[in-house]
Amino acid sequence: MKTRRLFRAAAAATCGALLLAGCSAGNPGTSSATAGPVTTTWPDPGAGLQGVTLTLWMSTQTAAMADNVIKAFEAKTGAKINKVVIPDVYETNAPTKLATGAKPDLATWQPTGSMLSLLKPATDLQSLDGAPWLAKQTPAIQKLGLVNGHHYAAFVNVPSVLGVFYNKSVFQKAGITSTPKNFNELLSDAQKIKAKGVAPFFGAAGDQWPTQWWPQVLLAEASKKGLWERVSQNKEKFTDPEILGAVRQFQDMVKQGLFNKDDKTSKYTESGPALLKGEAAMVLQLTSFASLMQSTADTATIDREIGWFPISKDGNIATSVPGGDNALVAFKTGDPKRESGARQFLRFWLETYYPDYVKSAGTVSIEPTVPAPAGVPEVVKQASAALDDAAGSMQQNAAVNPDFYVNLANMVNGTMTPEQVTSTTQSQFAQLAQALGIQGF
Amino acid sequence: MLYPSSFLAPAFAVLAVFFFLPTVFNFVYAFTDWSAFHDDIRPVGLANVKAVLSNGALLSSLRITIVYAVLVAIMQTGFGLGLALLLERDTRINRFARVVFFVPVLMSALAVGYTFQALLKPDGPLNGLIGALTGQHVTIPWLGSTTWTVVTVAFVNSWKWMGLAMVIFLAGLKTIPADVLEAARIDGAGRWRTFLSIRFPLIAPAVTFNVATALLGSFNGFDTILATTGGGPAQQTEVLDIYIFRVYGNGLFAQATTMSLALLLLVALLAFPVIGYLRKRERVL
């Protein structure tokens, strides 16, 4: 009897203590001890790192992008890079893993303000201010990957911009001789193509996320005038005329039948072949769409068949959306050796190894002194050049990233009106902004 | 007493750490501002409850979850019973068929989901087969209807688990005493009458188990739906677990926890009357 009472008391005390510990604890995996002054030392890229193991998290899309760099870094320094591929959806699963206390030394990550905020940059990420590679990169890149004026993302390749990829033969058959100079011209070209029995645009609402690009390109000029900053300060809302108007315009396009018939169930991966085959005349997508086309066609075919132009409401402004394959972040782990090793790895990638990386990846260089290799499709070069004058997307310039695309996909499916899309998105935005502690929400 | 009760301590410690504590924390975190955006966790009272209730998405997800679970319970039990009756006799072919129908139970739910996603595409093999049989070009978007896709994903899940229901029904059917069935046959009862009046009432425990596990288990439906539709089209298959996953992925951990609490309450509220009713049916035994 006595034993039982003792056991009960011990069990209750243990549970109570654990419960209290849980209540008073911070987020798992974070510690105030890891927050410190901005790092200033930048180890030599080729310095010996025997006995140091760095963990690198990557998404399934970026799984192979660093393989050659890792091999070269390991051979040069003696360090070991432990590559961990986090399953899709990376942007959801990686923060979930972080919340459980796991923390890598490096990770590929979407280098936008809203996505970086998910990683608590001020306390959990290494600041990359003053990194030696920054001065070597193009001015446009140097302005990206910032949170509160600090660099937290190391860009390894050119950020994606939004633009229209078009099938040149379809345009020719529809009698279109030059690319549209604004959105109204784009719509009138779309009608000409529709009259020929071809879907003007390939939408992939089955994947939901591609839907958000249409309102965003319609808001490029407004973005340049500080739209997303005003939205982030709660001075303007999704329900106000500017964003609501863009959503309505997108709905009009859907209602006019300007998209492929199976838009509601189509997937992103189907849009590349559809454009190349001329089943659809245009695809509004990120620069990385070129990689999708390259998986089924060679560069010569893409250059011959496909053209590219940026579009916005009143002109040809591109919209930049840095993606998860564009940059890496380095975490504060509390282990100075590994933190320094992570900075060294980034230096090695972006300085010593960069010409080789650009060559093996067949990508446009973001360092003016490093020439672009042969075999990069013309459309990628054009899209990269448009970055200089590009407007920021919601992901890039707004403080948080609500599920705008989910609501827009609902609208494409006919279950939400533009008013419901904007009001639901606004309330999601406010919830996220409140969680982030932004004034005004 | 052979052993002192303190020998139970390790088992209870494991139970407390891996079962009791997470459940308690589910309650605790629901009333905090735990998120991906800051380190500290502060109590916020009922703010999360208000936030999730103010958003129509929670109620919509709950409605979809209930519809999905009821559909799965009906289909899975129905398919399982049908298969058990069909394969009841212990012939070599039947034994082989039982194994074949049990294989999906052992398969990964994600693999099943992705396979069906490919099968059900507008230009997929199913439409191809229908087209070949009818001689017409068929492009039915099986996963594109905002009304019927929930039925399709419930079917996919029921297909995966029907082998388990079949095994449980077979076990139930095997326990029916042969003399009872013989007496029915002598009394002149046909196959249908025997099934309705003798066999079905006597497998009531199997019905209870199958309906309860299919219905209550489907409230936690996630993997098959994620792989088949991802919650679409237009969130019409976004059951609560997928919605919670999305909110959690957005960094709103405490709100996701509040929603999981809502799910826990819903399951608890439904479990007692459903199991109570089904157990009452067994009293005839």
Side-chain angles (χ1 to χ4, degrees), chain A residues 3-4 6-7 10-11 14-15 18-19 22-27 30-32 35 89 91-93 95-96 98-99 117-120 123-124 205-208 261-267 270 400-403 406-407 409-416 420 424 427-428 431-432 434-437, chain B residues 4-6 8-9 12-13 15-17 20-21 24-25 28-29 32-41 43 47 51-52 54-57 60 110 117 120-123 139 141-146 149 226 229-236 238 245-255:
Chain A
T3 322
R4 195 178 297 166
L6 256 175
F7 173 65
T14 313
C15 291
L18 282 169
L19 198 61
C23 288
S24 58
N27 269 353
T30 59
S31 147
S32 54
V89 178
E91 289 75 11
T92 304
N93 289 340
T96 306
L98 286 169
S117 66
L118 264 179
L119 303 181
K120 293 194 282 289
T123 54
D124 286 17
D207 264 342
Q208 299 185 329
K261 284 201 177 83
D262 57 349
D263 182 16
K264 290 176 187 175
T265 51
S266 286
K267 303 281 180 186
E270 292 161 12
V400 288
N401 185 15
D403 290 338
V406 174
N407 303 320
N410 290 351
M411 186 180 81
V412 171
N413 277 286
T415 61
M416 268 192 177
Q420 287 168 324
T424 308
S427 78
Q428 285 171 346
Q431 275 185 6
L432 289 164
Q434 272 169 15
L436 197 59
Chain B
S5 56
S6 60
L8 285 172
F12 273 106
L15 193 71
V17 172
F20 177 66
L21 262 187
V24 171
F25 276 123
V28 174
Y29 281 133
T32 68
D33 66 348
W34 182 34
S35 81
F37 304 110
H38 47 82
D39 285 340
D40 49 336
I41 302 173
V52 298
S54 68
N55 188 343
S60 151
L110 289 174
Q117 191 208 58
L120 300 172
K121 276 178 191 289
D123 60 348
T139 54
W142 296 96
L143 299 172
S145 162
T146 50
T149 304
L226 189 77
T229 63
Q235 293 177 277
Q236 293 308 302
E238 192 175 79
F245 182 63
R246 190 156 61 83
V247 171
Y248 196 90
N250 279 342
L252 298 172
F253 301 157
Q255 291 198 9

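What's counted below: heavy atoms across the whole structure, side chains too, no hydrogens, waters or symmetry copies. Below, chains carry the letters A, B, ... as their sequence lines are ordered, and counting in each starts from 1.
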* Looking at CD of B:Gln117 and NZ of A:Lys267, how far apart are the two atoms once the value is rounded to the nearest 0.5 Å? -> 4.5 Å
* chain B: which of A:Thr424, A:Val412, A:Asp403 shares the most heavy-atom pairs with it under 4.5 Å? -> A:Asp403
* Would you mind reporting whether B:Gln235 and A:Thr415 have side-chain heavy atoms less than 4.5 Å apart? => no
* What is the distance from atom CG of A:Asn93 to atom OH of B:Tyr248, rounded to the nearest 0.5 Å? -> 10.5 Å
* Structure fact -> Rounding to 0.5 Å, atoms OG (A:Ser117) and NE2 (B:His38) come to a distance of 11.5 Å
* Asked: For B:Phe253 and A:Pro95, which heavy atoms make the closest approach, and how far apart are they?
  -> CZ-O, 4.3 Å
* Structure fact -> Here the pair of heavy atoms bringing A:Thr265 nearest to B:Pro141 is CG2-CB, 4.0 Å
* Asked: When you look at A:Asn413 and B:Gln236, which way does the side chain to side chain contact (heavy atoms under 4.5 Å, CB included) test go after all the steps?
  -> CA-CA 10 Å; A:Asn413 277 286; B:Gln236 293 308 302; over 6 Å; no
* **Which atom of A:Ala435 lies closest to which atom of B:Ser35, heavy atoms considered** => O-OG, 3.9 Å
* **Contact check, side chains of B:Thr139 and A:Lys261, non-hydrogen atoms, under 4.5 Å** => no
* Structure fact -> Honestly, the part of B:Pro122 sitting under 4.5 Å from a heavy atom of chain A is side chain
* To do: Please flag which part of B:Leu252 lies under 4.5 Å from any non-hydrogen atom of chain A: side chain, backbone, both or neither.
  => side chain
* To the nearest 0.5 angstrom, please state how far the CD atom of A:Gln428 sits from the CG atom of B:Asn250. => 7.0 Å
* Rounded distance [0.5 Å steps], CD in A:Gln434 versus CG in B:Asp33 -> 11.0 Å
* **Per-residue contact mode, A:Glu270 against chain B (heavy atom under 4.5 angstrom)** => side chain
